[in-house]
Amino acid sequence: MKAIQITQHGGPDVLTVVETADPTPQDHQVLVEVLYAGVNYIDTYFREGIYHSELPFIPGKEGCGRVIHDPRGEIADGTVVAWASAEGSYAEKVCVDRARLVAVPDSISPEVAASMLLQGMTAHYLLYGVRDTQQGDSMLVTAGAGGVGLLLTQLAHAQGATVYSVVSTDEKEELAYAAGATEVFRYSEGLAETVRRRNAGRGVDVVYDGVGKDTFQESLESVRPRGLVCLFGAASGPVEPFDPQLLNKHGSIFLTRPSLGAYTATDDEFRMRAQAVVRAVEEGTLDIRVHEPYALDDASRAHHDLQSRSTTGSVVLKVAD
Ligand code: NDP
């Protein structure tokens, strides 16, 4: 089969097209023919070696495809499924854990299905796992027009929250407003100052910061006393070590650095979040915006564009029709 392989860590150029043997599913897995693979920021951390995976490896955790072999004979060949935690989804075939896939309804297109779960479940646990979002809550979301950012904004808006979204371009500003953001502004405006000007100096109940290094200090300054800073990513790089006394200084604030893995730790929790996402997509509460699909062979361009901030919404590789 054709696949994208990484034999050494580095920039987007280390994503190489290869011919390799088909994977063999174990009893708890099914073999899937990939239609679209989801491209996520976490894939760039594995590519760079910030997160560890034994070399060589095929990147990609997420996708949508057709089941072509179930060793237990439980899932019919041709069933269209989506997943978010398989190893090696940038390939024509991948093995997926049977407990960690969902059936894709006809009403959801394969490219949307390929990008709904990882970012959708992340938005879900950030709003309903890390805390329990209520109507009237206020939040600041960095990278508000990115994959996670747009979904988080839509779900929070549907819940009746006030969302302050931070983006870098006019096009992204438009998308963030369309997703339901209450106010959209730029990083250069000063996050804390801008938020406080808009809510009578109080600060927001929670900051969702997926940008990391460049925005973290401002995130601490934007939250209200006893509010929560949820640092969930590092698109601009990892946050430097810091003095916990800062949490006291900013008003006894809380800090968490969560992961999707910890919030889908059991199969039941995975199913609950995955089904909530599928339902929200079907009902239209979540409108997944997929950036123009890249060919599998163009995986390195997809990574380059994602890391140079030129994509909006979710990114996918088209693998087969
Ligand atoms: P995005 O589509 O949001 O892409 C990243 C965005 O970050 C860019 O579009 C850009 O938006 C913004 N950004 C700000 N500064 C930089 C910079 N210096 N370099 C690159 N991008 C920058 O990606 P994802 O939706 O896939 O992921 C968003 C974040 O969420 C990532 O940090 C990712 O690791 C994290 N994540 C965490 C999970 C968890 O469970 N903890 C699960 C899933 C994702 P703009 O130009 O508007 O600033």
Side-chain angles (χ1 to χ4, degrees), residues 11-12 37-48 50-51 59-62 84-85 114-130 140-155 164-177 179 181 184-189 191 207-219 229-239 255-265 269-270 273 277 286 288-292 294 302-317:
V39 175
N40 290 282
Y41 225 89
I42 193 169
D43 303 340
T44 70
Y45 305 147
F46 280 101
R47 191 202 71 221
E48 289 171 358
I50 296 170
Y51 288 174
K61 302 195 162 301
E62 185 178 36
S85 58
S115 57
M116 68 181 174
L117 282 185
L118 200 150
Q119 294 168 353
M121 290 193 298
T122 298
H124 190 272
Y125 90 73
L126 291 174
L127 293 170
Y128 301 111
V130 164
L140 176 70
V141 180
T142 62
V148 175
L150 284 179
L151 304 189
L152 184 63
T153 302
Q154 291 177 49
L155 288 183
Y164 300 106
S165 175
V166 196
V167 301
S168 64
T169 66
D170 289 348
E171 186 203 1
K172 291 181 179 187
E173 176 172 330
E174 224 170 272
L175 291 171
Y177 274 125
V184 184
F185 45 90
R186 304 295 158 85
Y187 301 90
S188 55
E189 291 178 53
L191 309 191
V207 178
Y208 290 113
D209 187 358
V211 169
K213 190 172 177 214
D214 290 354
T215 46
F216 181 65
Q217 286 303 330
E218 289 233 69
S219 292
V229 172
C230 176
L231 173 71
F232 69 98
S236 66
V239 167
L255 171 68
T256 184
R257 174 59 180 90
S259 72
L260 176 60
Y263 282 89
T264 49
E269 192 173 17
F270 164 78
R273 295 200 197 286
V277 170
L286 272 184
I288 307 225
R289 180 193 160 85
V290 182
H291 193 85
E292 181 64 29
Y294 296 81
H303 273 220
H304 174 270
D305 290 355
L306 182 63
Q307 290 188 284
S308 60
R309 307 169 77 163
S310 60
T311 65
T312 53
S314 306
V315 180
V316 295
L317 305 175

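Just follow the structure's listing: the first ligand is 1, and inside any ligand the first atom is 1.
Only side-chain heavy atoms of T122 come within less than 4.0 Å of ligand 1; its backbone N, CA, C and O stay farther off. The part of V211 lying near ligand 1 is the side chain, judged by heavy-atom distances below 4.0 Å. Proximity of Y263 to ligand 1, defined as any heavy-atom pair under 4.0 Å, is not found for any part of the residue. With a 4.0 Å heavy-atom cut-off, ligand 1 is reached by the backbone of Q307 but not by any atom from C-beta on. The side chain of L118, and not its backbone, has at least one atom closer than 4.0 Å to an atom of ligand 1 (non-hydrogen atoms only; side chain from C-beta on).
A 6.0 Å sphere centred on CD of E174 holds no more than 12 heavy atoms belonging to other residues, nucleotides or ligands.
Annotation: S168 places an N or O atom under 3.5 Å from an N or O atom of ligand 1; distance criterion only. Ligand 1 has no nitrogen or oxygen under 3.5 angstrom from a nitrogen or oxygen of G144. At least one N or O atom of F232 sits closer than 3.5 Å to an N or O atom of ligand 1. Close N/O approach between V167 and ligand 1 is not found [any backbone or side-chain N/O within under 3.5 Å]. At under 3.5 Å, a nitrogen or oxygen of P258, whether backbone or side chain, sits near a nitrogen or oxygen of ligand 1. For ligand 1, the polar-atom distance check finds no N/O of G149 at less than 3.5 Å from any of the ligand's N/O atoms. At a 3.5 angstrom cut-off on N or O pairs, R309 counts as close to ligand 1.
For T312, the side chain to side chain donor-acceptor pair (under 3.5 Å) partners two or more places apart in sequence, or in a different chain, are R289.
Taking every heavy atom of L306 and a limit of under 4.0 angstrom, the matching atoms of ligand 1 come to 2 (O), 4 (O). Per-residue contacts place L260 under 4.0 angstrom from the following atoms of ligand 1 (heavy atoms of the residue considered): 39 (C), 40 (O). When each atom of ligand 1 is checked for a heavy atom of G146 under 4.0 Å away, the hits are 1 (P), 2 (O), 3 (O). If you number the atoms of ligand 1 from 1 as listed, the ones under 4.0 Å from a heavy atom of V148 come out as 25 (O), 44 (C). Under a 4.0 Å criterion applied to the non-hydrogen atoms of G210, ligand 1 contributes the atoms 29 (C), 31 (C), 32 (O).
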Quick one: do H303 and L306 satisfy side chain to side chain contact (heavy atoms under 4.5 Å, CB included)? Show the steps, please. CA-CA 5 Å; H303 273 220; L306 182 63; 5.7 Å; no

Evaluate the criterion side chain to side chain contact (heavy atoms under 4.5 Å, CB included) for residue pair Y294 and D305; output intermediate values, then yes/no. CA-CA 11 Å; Y294 296 81; D305 290 355; 2.7 Å; yes

Starting from the C-alpha separation in whole Å, work towards a yes-or-no answer on side chain to side chain contact (heavy atoms under 4.5 Å, CB included) for L260 and F232. CA-CA 9 Å; L260 176 60; F232 69 98; over 6 Å; no

Given L286 and M116, is the side chain to side chain contact (heavy atoms under 4.5 Å, CB included) satisfied, shown in steps? CA-CA 9 Å; L286 272 184; M116 68 181 174; over 6 Å; no

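Residue nearest to atom 7 (O) of ligand 1, selected from G129, A145, A235, S259: A235 (by heavy-atom distance). When Y125, Y187, Y208 are ranked by how near their heavy atoms come to atom 40 (O) of ligand 1, first place goes to Y125.
Scanning the protein for heavy atoms near atom 9 (O) of ligand 1, the closest one is K172 NZ, 3.4 Å. The protein atom (non-hydrogen) at minimum distance from atom 2 (O) of ligand 1 is G147 N, 2.9 Å. Looking at atom 20 (C) of ligand 1, its nearest protein heavy atom turns out to be Y41 OH, 3.1 Å. For atom 34 (O) of ligand 1, the closest non-hydrogen atom on the protein side is Y45 OH, 2.7 Å. For atom 6 (C) of ligand 1, the closest non-hydrogen atom of the protein is A143 CB, 3.8 Å.
With T142 contributing its side chain and G210 its backbone, the two residues share a donor-acceptor pair below 3.5 Å. Side chain of Y41 to main chain of A235: a donor-acceptor pair is present (N/O by atom type, distance under 3.5 Å, no hydrogens or angles). A donor-acceptor contact shorter than 3.5 Å is absent between the side chain of E173 and the backbone of V184. Side-chain atoms of S236 come within 3.5 Å of backbone N or O of V211 as a donor-acceptor pair.
Under the 4.0 Å criterion applied to side-chain N and carboxylate O atoms, R186 and D170 are assigned as salt-bridge partners.
A heavy-atom distance below 4.5 Å is found between the side chains of L126 and C230. Contact check for L191 versus F185: side-chain heavy atoms found under the 4.5 Å cut-off.
One finds the CZ atom of R257 at 10.0 Å from the CG atom of D209 (value rounded to the nearest 0.5 Å).
Between R257 and ligand 1 there is a heavy-atom distance shorter than 4.0 Å. Close to ligand 1: A234, with a non-hydrogen atom less than 4.0 angstrom away.
Pairs of residues two or more places apart, or lying in two chains, that qualify as side chain to side chain donor-acceptor pair (under 3.5 Å) and include a residue from residues 117-126 are N40-Q119, Q119-S314, H124-R273.
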